[in-house]
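A short worksheet on the structure shown next.
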There are 2 protein chains.
Amino acid sequence: MSRSTKKDALLQVAERLFYEHGFRGVGLKQIIREANVATMTLYNHFPSKNKLVEEVLKRREERYWSYLDSYIERGLSSPFVLAVEAHCRWLKEHSYKGDMFLRAIEDYAGIDEEIENIAREHKTRLLHYFQQLAQENRVNNPMDLANQLTLLLEGTTSMTTLIGADKAAEYSIAMAKVLFQHTS
Amino acid sequence: MSRSTKKDALLQVAERLFYEHGFRGVGLKQIIREANVATMTLYNHFPSKNKLVEEVLKRREERYWSYLDSYIERGLSSPFVLAVEAHCRWLKEHSYKGDMFLRAIEDYAGIDEEIENIAREHKTRLLHYFQQLAQENRVNNPMDLANQLTLLLEGTTSMTTLIGADKAAEYSIAMAKVLFQHTS
DNA sequence: TTAAAAATAGAAAGGTCGTTCTATATAGTT
DNA sequence: AACTATATAGAACGACCTTTCTATTTTTAA
């Protein structure tokens with residue numbers, strides 16, 4: 001098994017476990033065991049647990065955006081509603097239990113600045129995405145709509161933990177339509 | 001210093017620290033030190049750390065509802081908007097950094113059933129509150145509105161972590177009004 | 001005032017954590 | 001075939017965790 005597959009296995013297992021049980025809830029021992037890797041192989045690729053967390057977050061962000069992009073470019077309805085739908089599908093498939101980035105902010109604020117920044121950047125990117133979309137569509141107050149849609153997505157993520165992805169998506173999309181209808 | 005004040009000090013300090021750094025991020029040693037209490041005093045009142053977590057959650061829930069009730073009964077505008085405003089004020093004053101109950105669900109799901117249940121009950125109570133409010137006000141689909149408002153509040157809580165309580169409240173209340181206007 | 005109850009400091013047990021170290025084995029390249 | 005880079009298992013480290021124990025002091029109430 002080549003170097004890169006070992007590293008990939010570590011990142012994949014770490015992401016799953018961190019998401020499932022939280023960053024502090026998972027020890028390196030468990031990651032190592034489930035990735036079928038030796039301790040020093042992990043430390044060969046990542047200088048510390050926190051650096052592993054960083055790379056997990058970066059990878060997850062990439063996957064999130066490529067997921068969103070590929071969903072949106074194939075869609076027919078309003079780009080706002082599409083983005084909300086795409087996010088809901090992401091939740092259903094990969095994020096049924098809260099948001100990893102928000103979790104990272106809460107866990108590492110005041111502890112590891114680098115991790116906190118990576119997580120916060122993911123959120124500002126979401127805000128910028130909606131803002132740009134609003135500008136392109138000549139919405140009156142792009143910043144307002146962007147913030148409201150981001151708030152909507154954050155709420156959907158939390159609701160998924162409480163009532164499941166399907167119902168959360170239903171309410172979320174209904175709200176997005178009302179909101180969009182009201183501003184356009 | 002009487003028995004009950006020691007217990008209160010422990011609960012108060014524990015709530016602050018758990019909220020600030022997460023349940024796993026705070027050790028009993030720190031709680032004991034900041035509450036000016038001996039180790040055995042803590043174990044005299046709480047049989048374990050998890051039981052302490054339980055009581056902290058119960059106390060926080062009581063405070064949340066009495067805060068909401070006292071805010072709402074003095075209000076003049078629509079009870080839905082009032083509830084959202086009250087929640088926003090609670091966020092600004094006591095919950096600027098994510099939601100403790102959601103956090104408890106994520107941290108203790110599959111680990112401590114009792115804690116998970118207490119946290120989940122808090123959320124279903126919120127849903128029932130809105131549902132009853134919707135029924136009293138003869139809304140067409142009470143369950144739908146209740147879920148949408150709960151989603152809105154959850155989103156506001158997350159947004160508070162990202163952009164601060166004031167701006168989050170602004171967007172949240174604007175959305176609540178649109179939503180309410182649309183259903184009534 | 002005296003007896004019971006509660007709180008005290010601090011050590012100790014038993015565990016897990018992240019990280020480092022050692023010494024051996026495996027793979028890939030020339 | 002030999003050399004270099006990587007991966008291996010597993011021990012060891014010091015720090016921290018929750019929980020228990022001990023022995024002493026303080027508070028409460030009859």
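Every chain is numbered from 1 and lettered A, B, ... according to where its sequence line falls, protein lines coming before strand lines.
The neighbour count for Glu93(A) CD, taken as heavy atoms of other residues, nucleotides or ligands under 6.0 Å away, is above 12.
Taking the side-chain contact (heavy atoms from CB on, under 4.5 Å) definition, one finds that Met143(A) meets it with Gln131(A), Asn147(A), Lys167(B), Tyr171(B), sequence neighbours left out. By the side-chain contact (heavy atoms from CB on, under 4.5 Å) test, Glu114(A) pairs with Glu54(A), Asp112(A), Ile118(A), sequence neighbours left out. Here Arg59(B) pairs with nothing under the side chain to side chain donor-acceptor pair (under 3.5 Å) rule; sequence neighbours left out. With sequence neighbours excluded, the residues that form a side-chain contact (heavy atoms from CB on, under 4.5 Å) with Glu61(A) are Trp65(A), Phe101(A), His122(A), Arg125(A). Residues that satisfy the side-chain contact (heavy atoms from CB on, under 4.5 Å) test with Glu136(B), not counting sequence neighbours, are Gln132(B), Leu133(B). Contacts of Asp166(A) classified as salt bridge (charged side-chain N to carboxylate O under 4.0 Å, His left out), with partners at least two apart in sequence or in another chain: Lys92(A). For Arg103(B), the side chain to side chain donor-acceptor pair (under 3.5 Å) test picks out Glu106(A), Asp107(A), with sequence neighbours left out.
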Could you list all N or O pairs between the protein and nucleotides 20-26 of chain D that sit under 3.5 Å apart?
none

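In this structure, Phe46(B) places its CZ atom 13 Å from P of dT19(D), rounding to the nearest Å. In this structure, the NZ atom of Lys49(B) is 8 Å from the P atom of dC17(D), given to the nearest Å. Following rounding to the nearest Å, Asn44(A) (CG) and dT26(C) (P) show an atom-to-atom distance of 18 Å. One interatomic measurement links the two molecules: CG of Asn36(B) to C1' of dA7(C), which rounds to 13 Å at whole-angstrom precision. If you take CG of Leu42(B) and C1' of dA6(C), they are 14 Å apart, rounded to a whole angstrom.
Contact check, Lys7(B) against dA6(C): no side-chain N or O comes under 4.0 Å of OP1 or OP2. Close to dT6(D), at under 4.0 Å from its OP1 or OP2, lies no side-chain N or O of His45(A). Within the structure, a side-chain polar atom (N or O) of Thr41(A) is placed less than 4.0 Å from OP1 or OP2 of dT8(D).
The aromatic rings of Tyr67(A) and Tyr71(A) lie parallel to each other, their planes meeting at an angle below 30°, with 60° marking the opposite boundary.
Nearest-nucleotide mapping onto DNA chain C: of Asn50(A) and Val37(B), the residue sitting toward the 5' end is Val37(B).
Contact check of residues 22-34 of chain B against DNA chain D (heavy atom, cut-off under 4.0 Å) returns Val26(B), Gly27(B), Leu28(B).
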